[in-house]
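What follows is a single structure, written as structure tokens, with notes after it.
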Amino acid sequence: MERLIIVSNRLPLSITRKDGNISVTPSVGGLATGMKSFYKSYESLWVGWSGINEENLSNEDKALITDKLSIENCVPIHLTEDEVDNYYYGFSNKTLWPLFHYFTQNTKYVNKYWDIYKKVNEKFAETILEIVRPGDRIWIHDYHLMLLPELVRAKSPKVLIGFFMHIPFPSYEVFRVLPWRNDILNGILGADLVGFHTYDYERHFMSCVRRLLGHESVFNLIRLQNRTVKVDNFPMGIDYQKFKKTAEEQQSRDMRSRSTFQQEIDRYFLAMPERKLILSIDRLDYSKGIARRLEAYNLFLKRNPEYLKKITLVLLAVPSREGIDQYQQMREEVDKLVGQINGKYGDINWIPIWYFYRSLPFDSLISLYSSCDMALVTPVRDGMNLVSKEYIACRTQQTGVLILSEMAGASKEMGEALIVNPHNRKEVANAIREAIEMPEEEQVKRNKVLQERLESYDVIKWAQDFMNSLIKMEEIQEKQHVKRISLRIEGKILEHYQNAEQRLFLIDYDGTLVNFVKNPADAKPDEELYAIINQLTTNPKNTVVIISGRDQESLGQWFANTKVHLIAEHGVWMRRVGKDWIVNEPLKNEWKETVRPSMQFYVDRTPGSFIEEKQYSLVWHYRKSDPDLGMMRAVELKDELRNLVQNLNLEIMDGRKVVEIKPIGINKGRAAMRFIGTTTYDFILAVGDDRTDEHMFEYLPPEARTVKVGMQNTQARYSVQGVSNVRELLNKFD
Ligand code: ADQ
């Protein structure tokens with residue numbers, strides 16, 4: 001049975017050391033709660049930080065922890081105090097957390113945080129690489145470990161890696177601010193599957209990948225040089241049955257056998273049955289919008305005096321990241337607001353807010369969920385928010401009203417809740433009133449739909465869905481490797497070459513022999529390339545042709561002192577070694593004056609784009625433009641030219657970030673066949689990377705060895721990853 005290795009910052013357990021004894025207890029929190037039930041049903045291992053500073057652990061302690069955890073299928077990572085300060089409190093929670101939640105003003109950019117973040121990610125990678133076996137699947141969680149997929153991939157290229165992000169992925173305009181943005185994106189792209197809670201986060205990520213790294217994507221698949229990465233959304237669910245059953249079980253108990261906590265709540269209702277409770281539960285974090293929520297509650301009390309003494313807000317704030325300044329400030333702010341509201345409206349018999357600053361046992365949490373008439377969940381930014389889902393799951397009678405912020409990922413699936421903008425105090429205050437006054441019938445109607453949805457896509461379904469998608473990636477990667485030139489195929493090609501007397505090499509230039517650069521004029525041949533070409537052309541049995549879309553001038557200059565034949569402008573021009581350029585296809589040029597104004601219009605509207613005029617074609621380049629705008633304009637331009645080109649006997653050719661218009665019938669395939677003429681070559685190798693090279697692959701005889709550079713669909717027999725692999729291959733023909 002294949003294993004699943006789950007990796008997260010913290011293990012789903014708390015390890016404590018008291019009087020020399022090590023004890024292990026389950027921990028709370030979004031991820032820990034969510035994954036626990038899932039990972040036990042697989043042959044899984046969970047890797048994560050132990051939570052105790054490494055300095056405080058002797059080797060014997062570490063061995064003991066490892067033993068105790070192995071019973072729970074967990075593997076500890078030990079971090080020093082300095083690492084915890086810089087990686088966890090520093091980069092994760094003072095840089096990434098605020099930035100990804102759009103708190104740019106709270107974001108700290110500190111080189112040391114970043115250095116240690118990298119180091120800790122490497123530490124995780126080392127442990128994983130020690131335990132990983134062929135066929136294992138790795139599922140990495142969250143923003144603490146964004147470099148990990150790439151680090152593991154580098155040493156274990158075939159292993160299947162999934163990455164899930166539990167917090168929002170911000171829009172490009174916010175993400176681009178991060179000085180280490182490209183490293184982070186490349187880190188994540190080490191995974192085969194990248195998951196987010198919502199489609200918005202997914203599209204923000206795709207846009208960052210396109211704009212910052214320039215990788216193209218087709219739908220939600222990102223094509224890298226040697227792999228494909230799938231990006232998708234998987235809205236995380238909760239362990240629905242566990243919440244529902246615990247709530248049912250609690251309610252079936254008679255009053256006296258209920259927990260003390262529940263009995264206190266019961267007494268509250270006994271005194272005044274018509275009273276209402278509103279629930280607010282979060283970690284005390286600025287992203288949760290607690291202060292704004294209190295302001296909205298204050299406004300509600302001010303505007304609705306008839307509800308004074310009839311409503312109480314249960315404000316439960318779980319201590320979190322107390323070592324960080326902003327969290328301390330926020331605690332002071334919340335304390336102050338609670339004091340102000342209670343002081344202003346409360347009396348001896350009634351306090352408007354019951355405030356708890358602590359964590360509660362699971363049972364008490366359920367008591368609150370099932371006793372409160374309303375839940376006020378108004379984060380200013382939240383990846384998903386499980387509290388809102390847990391509240392609905394505990395409503396055994398299907399009554400209760402959920403007020404939910406539109407800034408929480410959960411709002412995308414929970415449209416039946418009262419959805420509010422947490423920044424709009426008036427709207428939130430009105431929603432509280434609407435919730436109090438909502439007829440029971442209406443409450444049941446809404447909650448029924450919500451419950452059905454949450455029950456069917458629970459945390460187990462969520463995890464299975466993610467795993468199934470990950471496993472499917474294996475097939476997708478495999479397919480792309482089918483054509484890859486293996487050592488065996490390479491051996492066969494070389495053998496064929498050795499036995500041949502008349503050998504022909506047809507090689508494209510940009511993207512095949514040299515990498516793409518922003519300015520096409522800079523992509524000149526380098527020393528290594530000249531050496532490869534000289535080696536190939538020295539052998540009298542070899543004929544080498546560079547066949548490109550470039551104009552004859554550049555090619556002519558660059559290869560003036562070599563013995564390669566040249567075909568320029570996709571076949572319009574040809575120059576045999578030692579001869580002059582000749583026109584391969586006699587063509588007319590009047591059409592350019594009709595087409596140019598349309599193209600110029602697109603240059604004016606697309607900053608960074610320009611027209612290149614070749615002897616017999618016009619090319620619109622958009623490599624330097626904003627990638628999304630460029631792509632959109634390219635579609636528009638082609639659409640606009642479609643009628644025009646038909647009448648003028650022209651064709652549109654789509655290249656990489658170019659749209660080229662040229663007379664019909666010119667293509668590299670025809671040009672290659674013209675070059676071959678009546679000569680019989682007993683070995684042909686054709687190499688190219690873009691759509692224009694497909695003509696060449698199509699026209700050549702079937703025994704030709706055709707090689708595509710890159711991952712896209714192709715008619716070629718084989719493929720290689722990139723320019724360096726082409727050069728390596730060519731080096732072997734001596
Ligand atoms: P969190 O920011 O921690 O999680 P949330 O999704 O609401 O936020 O999860 C909190 C969890 O803690 C819930 O399961 C809740 O039951 C539990 N909890 C809250 N208060 C508690 C208390 N007083 N005592 C005991 N348990 C308590 C992060 C992201 C979220 C995302 C989750 C999961 O910030 O946006 O939904 O991960 O991906």
Side-chain angles (χ1 to χ4, degrees), residues 6 8-10 12 14 25-38 92-93 96-98 100-103 139-144 163-170 195-198 200-201 233-240 242-243 246-247 259 261 279-290 314-321 327 354-370 372 375-394 402 404-405 407-414 454 457-459 462-463 466:
I6 300 171
S8 66
N9 169 54
R10 285 299 294 270
S14 290
T25 45
S27 61
V28 289
L31 177 60
T33 336
M35 291 295 291
K36 226 172 351 191
S37 40
F38 171 75
S92 299
N93 288 322
L96 296 172
W97 178 272
F100 282 34
H101 286 85
Y102 295 75
F103 282 82
W139 187 358
I140 299 168
H141 290 264
D142 232 357
Y143 62 104
H144 315 90
F163 177 83
F164 188 83
M165 183 75 146
H166 288 262
I167 65 171
F169 197 91
F196 296 96
H197 282 305
T198 71
D200 283 340
Y201 310 152
N233 63 87
F234 303 86
M236 185 174 171
I238 54 165
D239 190 343
Y240 187 83
K242 185 171 152 204
F243 282 91
T246 315
S259 67
F261 189 79
L279 180 63
S280 157
I281 299 190
D282 328 75
R283 275 186 310 102
L284 191 64
D285 191 291
Y286 46 79
S287 65
K288 304 289 181 183
I290 302 174
V314 184
L315 182 69
L316 183 65
V318 184
S320 180
R321 303 171 198 166
Y327 287 74
W354 291 349
Y355 177 33
F356 303 90
Y357 178 63
R358 57 172 184 249
S359 185
L360 283 187
F362 184 69
D363 252 15
S364 306
L365 194 70
I366 303 295
S367 300
L368 277 177
Y369 282 144
S370 37
C372 291
L376 189 55
V377 185
T378 55
V380 286
R381 208 51 81 161
D382 210 339
M384 170 53 74
N385 191 287
L386 299 180
V387 166
S388 53
K389 295 187 169 182
E390 292 166 1
Y391 174 72
I392 294 295
C394 291
L402 170 66
L404 179 60
S405 159
M407 309 296 173
S411 69
K412 303 276 180 281
E413 303 159 73
M414 302 182 82
L454 294 180
Y457 200 79
D458 65 359
V459 69
W462 166 78
F466 186 90

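These values consider heavy atoms only, across backbone and side chains, with no hydrogens, waters or symmetry-generated copies. Counting starts at 1 for both ligands and their atoms, in listed order.
- Contacts between Met384 and ligand 1 below 4.0 angstrom, taking non-hydrogen atoms only, involve backbone and side chain alike.
- Within the 4.5 Å cutoff, the side chain of Val387 has no heavy atoms near those of the Leu279 side chain.
- Residue-level proximity to ligand 1 for Ile281 is carried by the side chain, the only part with a heavy atom below 4.0 angstrom.
- Every atom of ligand 1 with a heavy atom of Gly383 under 4.0 Å away is listed here by number and element: 35 (O).
- Using a 4.0 Å cutoff on heavy atoms, Trp97 counts as a contact of ligand 1.
- Contacts of Val318 with ligand 1, taken as heavy-atom pairs under 4.0 Å, involve the side chain alone.
- Heavy atoms of Arg358 found under 4.0 angstrom from ligand 1 belong exclusively to the backbone.
- At least one side-chain heavy atom of Phe356 sits less than 4.5 Å from a side-chain heavy atom of Val314.
- Aromatic pair Tyr391/Phe243: centroids not less than 6.0 angstrom apart.
- Less than 4.0 angstrom separates some heavy atom of Leu316 from each of these atoms of ligand 1: 23 (N).
- Put simply, the side chain of Tyr286 reaches to within 4.5 Å of the side chain of Trp97, judged on heavy atoms.
- Checking only distances, His101 never comes within under 3.5 Å of ligand 1, N or O to N or O.
- Residues Pro379 and Asn385 are in side-chain contact: their nearest non-hydrogen atoms beyond the backbone lie under 4.5 Å apart.
- Between the side chains of Thr198 and Asp200, not a single donor N or O lies within less than 3.5 Å of an accepting N or O.
- When every heavy atom of Met236 is checked against every heavy atom of Val459, the shortest pair comes out as CE-CG2, 4.3 Å.
- Taking the side chain as every heavy atom from C-beta outward, Phe169 and Tyr143 never approach each other to under 4.5 Å.
- Between His197 and Phe164, the ring centre distance stays below 6.0 Å.
- Numbered from 1 in the order shown, with element, the atoms of ligand 1 that lie under 4.0 Å from a heavy atom of Lys288 read 1 (P), 2 (O), 8 (O).
- Using a 4.0 Å cut-off to heavy atoms of Glu390, the atoms of ligand 1 that qualify are 13 (C), 14 (O), 15 (C), 16 (O).
- Looking at Ile238 against ligand 1, nothing comes within 4.0 Å, counting heavy atoms.
- Note: Lys288 NZ to His101 NE2 = 6.5 Å, rounded to the nearest 0.5 Å.
- Listed by number with element, the atoms of ligand 1 under 4.0 angstrom from any heavy atom of Val387 are 7 (O).
- Atom numbering of ligand 1 starts at 1 in the shown order; those under 4.0 Å from a heavy atom of Met236 are 33 (C), 38 (O).
- The shortest N/O to N/O separation between Asp282 and ligand 1 does not fall below 3.5 Å.
- Between Leu360 and ligand 1, at least one pair of N/O atoms sits closer than 3.5 Å.
- Counting heavy atoms closer than 4.0 Å to ligand 1, residue Leu365 contributes side-chain atoms (C-beta onward) but none from N, CA, C or O.
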